[in-house]
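Heads up: the structure comes next, in structure tokens.
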Amino acid sequence: MPLSSPSRVGWTLADWRAAYRSGQLKLNDVYDASPSADSDTAWIARIDATRLQTQLEQLEHRLAAVGGDISRLPLYGIPFAAKDNIDAAGWPTTAACPAFGYTADEDATTVRRLREAGAILIGKTNLDQFATGLVGTRSPYGVVSNAFRSEYISGGSSAGSASVVARGLVPFSLGSDTAGSGRVPAAFNNIVGLKPTRGWLSTSGVVPACRTLDCVSVFALTVEDADEIATIAGGYDASDPYSRSFPKTTPKMMPLRLAVPDSLEFFGDTQAQQTFNQAVEAWRALGAEIAPIDFAPFAQLAALLYEGPWVAERYTVAESLMERDPATLHPVIRSILSTATRFNAVDAFHDEYRRAALARRINETLEGFTALLVPTTPTIYTISEVLDDPVRLNSRLGTYTNFTNLADLAALALPARFRNDGLPSGITLIAPAWQDRTLAELGKRWQQHMSLPLGATGRALSAVAKETKPSIPATTVRLAVVGAHLTGMPLNHQLTSRDAVFVERCRTAASYQLYALANTTPPKPGLVRAMTGAPIEVELWDVPLDRFGSFVAEIPAPLGIGSLELDDGRIVKGFICEPIGLQCARDITSFGGWRAYQASLK
């Protein structure tokens, strides 16, 4: 184990930061650079003295570049792991196929961005070969077992990445997700699995499964950590032809309304059915309206992933090995890829037309809902059961995951109540593309409500260190927005088009008044500091410094930018209003924020 002290098992990002800032922890105290002699099948490659020294030297240079202030490196000294289909310079990439392996010359974009933020890569993790599978048993490097009961599967294909987070060896890891590989192992190991909108996290430097569908995913012990890592690692990447930027506008948030499938399949697993029913009731307790939807188009689209020509897309990755030396592939993977030859180009177009039609129906079905709520998996199997029936049982596990990328949806897998047999269960929230922030907010509410232990560490959520001052990345301005620039509002594009990054939703100090200004298009509020007032909801965004001036230039009178005090004492830049602008304005302070006031008008 690369971490020298078991006391750090299960630490979150907040715990690591608190230890570094207090001086309790020094880099040289953390890492054991000696090669590991254990037989932990979650790892394919582990950190050694050379790789450690290289990263520490790079980190030293990065710290010097920001004046020695570790708060300017939000992931300073924090360890992480990456699935072994994701490149890291100087590390082997095998995709769990030794004959395919090579040493990467460059970091994948996501790895580079995390290291630039101060993170330290401590290992590459095991996976179902070529990221093909949802079980964690299809690797020559060994089967990765469940973190709670070793006779059960861990889920795949990102088996190792989920396992090392669940056991608290690292606070977060990178996986990949084409058919559910970032969600199924999260459910089986009681952790969070974030499958972002396709294109938000670059796949440059990632060995593809289906390149047109692939996502880099994030595993973490908390939703807050997963969301932060995705924010740091994400963003447009010109080197990835499938990379996309956040749209200028996103749909407005609405009252909490969750869709659930009108028919659910658990393959006879009554415990899985019970835990999902409990989850539905828990969401009702959180104020959600629950409504059934026709799940048929979702199921039809899910079936296309392995029954259609996307298997041929998987074939392209291992094509040379399949033709030259097919015996080097895992027998199950070889069997799956061999079916690719039955498809031709005409088949591909026919099924693409069908995919597009089903995806349109699915997105229309989800209109008016905050998210779709599903069990992450319908059941769980033992390792021996999967080895005896590897294809059929694997296919069942994708019942509620396979359709997501084909329909261009975002997803967040969350821990749910434990089953009576002691195994974890999980739910997934699924929403249209670019609703990742909405899912994160829902996930935080869920995790606080459930208060489950973190992974398999036995550590309580309440024991996590509390941060009162989130790190501000170098070369950015942290800006509080209060009205038309909020997520989903008409002017939010002025932030996203400048690559501003959402940080958090919070409130001002209790000394502000909010007014609905008269004769403004689009409608805008004015925020004024006063002797008496109330906390007002705001969003914090990090705006690139070199684009902040052009943003300010677009702000019309009587609005401007000044300094705002938040309810935790922080001072940030934010929107303020000149007193002259309050003529004919309506005092809406009692609503507590612009979003609540706008909702009242409907």
Side-chain angles (χ1 to χ4, degrees), residues 223-224 227 249-258 283-290 367-371 429 431 434-446 448-449 478-496 500 502-541 555 558-559 562 564-568 570 572-577 581-582 584-602:
V223 176
E224 286 185 330
D227 183 46
T249 59
T250 55
K252 295 180 180 180
M253 294 183 69
M254 59 188 72
L256 181 51
R257 190 164 184 256
L258 300 178
W283 276 109
R284 282 198 174 100
L286 283 167
E289 177 190 348
I290 307 293
E367 290 179 1
F369 289 99
T370 315
L429 296 171
W434 306 114
Q435 291 301 293
D436 305 81
R437 299 299 183 199
T438 298
L439 294 182
E441 290 302 316
L442 293 179
K444 292 172 189 177
R445 290 175 60 184
W446 172 260
Q448 288 292 334
H449 178 73
R478 182 150 293 173
L479 177 72
V481 299
V482 69
H485 289 87
L486 294 168
T487 302
M489 295 292 178
L491 298 182
N492 184 250
H493 69 89
Q494 292 183 352
L495 292 168
T496 57
F502 174 84
V503 178
E504 62 176 309
R505 183 178 295 173
C506 56
R507 300 191 303 174
T508 68
S511 55
Y512 286 89
Q513 294 176 346
L514 189 67
Y515 293 84
L517 302 180
N519 304 317
T520 57
T521 303
K524 302 179 184 70
L527 186 67
V528 179
R529 190 150 198 174
M531 295 296 294
T532 60
I536 303 298
E537 183 184 88
V538 296
E539 286 181 357
L540 301 186
W541 288 74
I555 299 172
L559 301 178
L564 265 61
E565 182 181 0
L566 304 180
D567 61 357
D568 59 8
R570 283 179 289 165
V572 297
K573 295 302 178 185
F575 278 82
I576 58 174
C577 183
L582 303 183
C584 301
R586 176 186 175 186
D587 187 342
I588 59 171
T589 306
S590 61
F591 288 92
W594 183 246
R595 199 182 300 280
Y597 169 69
Q598 289 287 296
S600 75
L601 300 179
K602 300 176 183 179

For the backbone of L258 and the side chain of T370, can you confirm whether one donor and one acceptor N or O come within less than 3.5 Å of each other?
no
For G526 and L559 the tightest heavy-atom approach is CA-CD2, 4.3 Å
Hey, are T438 and E441 close enough side-chain-wise for a donor-acceptor pair under 3.5 Å?
no
Donor-acceptor check, side chain of R595 to backbone of T487, threshold 3.5 angstrom: yes or no?
yes
I want to check something: taking the side chain as every heavy atom from C-beta on, are L442 and Q435 in contact at a cut-off of under 4.5 Å?
no
May I have the step-by-step check of side chain to side chain contact (heavy atoms under 4.5 Å, CB included) for L429 and W283, ending in yes or no?
CA-CA 11 Å; L429 296 171; W283 276 109; 3.9 Å; yes
Minimum heavy-atom distance between P523 and A484, given as atom pair plus value
O-CB, 3.9 Å
Set of residues satisfying side-chain contact (heavy atoms from CB on, under 4.5 Å) with respect to I576, sequence neighbours excluded
L564
Testing the basics here: between A534 and T508, what is the closest heavy-atom pair and its distance to 0.1 Å?
O-OG1, 3.9 Å
Backbone N or O of G533 within a donor-acceptor pair of the T589 side chain at under 3.5 Å?
no
Using side-chain contact (heavy atoms from CB on, under 4.5 Å) as the criterion, list what pairs up with A509, not counting sequence neighbours.
S511, Y512, E565
Where do L479 and H485 land on the side chain to side chain contact (heavy atoms under 4.5 Å, CB included) test, with the steps shown first?
CA-CA 11 Å; L479 177 72; H485 289 87; over 6 Å; no
Output all residues satisfying side-chain hydrogen bond (donor to acceptor under 3.5 Å, both in side chains) with E224, sequence neighbours left out; order by chain, then residue number.
none
Here the pair of heavy atoms bringing C577 nearest to L582 is SG-CD2, 4.1 Å
Salt-bridge contact E539-R437 (side-chain N to carboxylate O under 4.0 Å):
no
Tell me, yes or no, whether the heavy-atom count around K444 atom NZ, taken from other residues, nucleotides or ligands under 6.0 Å, exceeds 12.
yes
Under-4.0 Å salt bridge between E537 and R507
no
Closest non-hydrogen contact found for L491 with P522 is CG-CG, 3.9 Å
With E289 via side-chain hydrogen bond (donor to acceptor under 3.5 Å, both in side chains) - residues at least two apart:
R257
Interatomic spacing from CH2 in W446 to CG in L286 - rounded to 0.5 Å
7.0 Å
Taking the side chain as every heavy atom from C-beta outward, state whether L486 and N492 have any pair of such atoms under 4.5 Å apart.
no
After noting the C-alpha distance and the side-chain angles of W541 and T496, does the key distance pass the side chain to side chain contact (heavy atoms under 4.5 Å, CB included) rule?
CA-CA 10 Å; W541 288 74; T496 57; 4.1 Å; yes
Apply side chain to side chain contact (heavy atoms under 4.5 Å, CB included) to the pair F575 and V538, showing each step before the final yes or no.
CA-CA 10 Å; F575 278 82; V538 296; over 6 Å; no
Shortest non-hydrogen separation from L517 to G581 and the atoms involved:
CD2-O, 3.4 Å
Qualifying residues under side-chain hydrogen bond (donor to acceptor under 3.5 Å, both in side chains), relative to Y515, sequence neighbours excluded
Q513
Taking side-chain hydrogen bond (donor to acceptor under 3.5 Å, both in side chains) as the test, write out the residues that go with D567, two or more places apart.
none
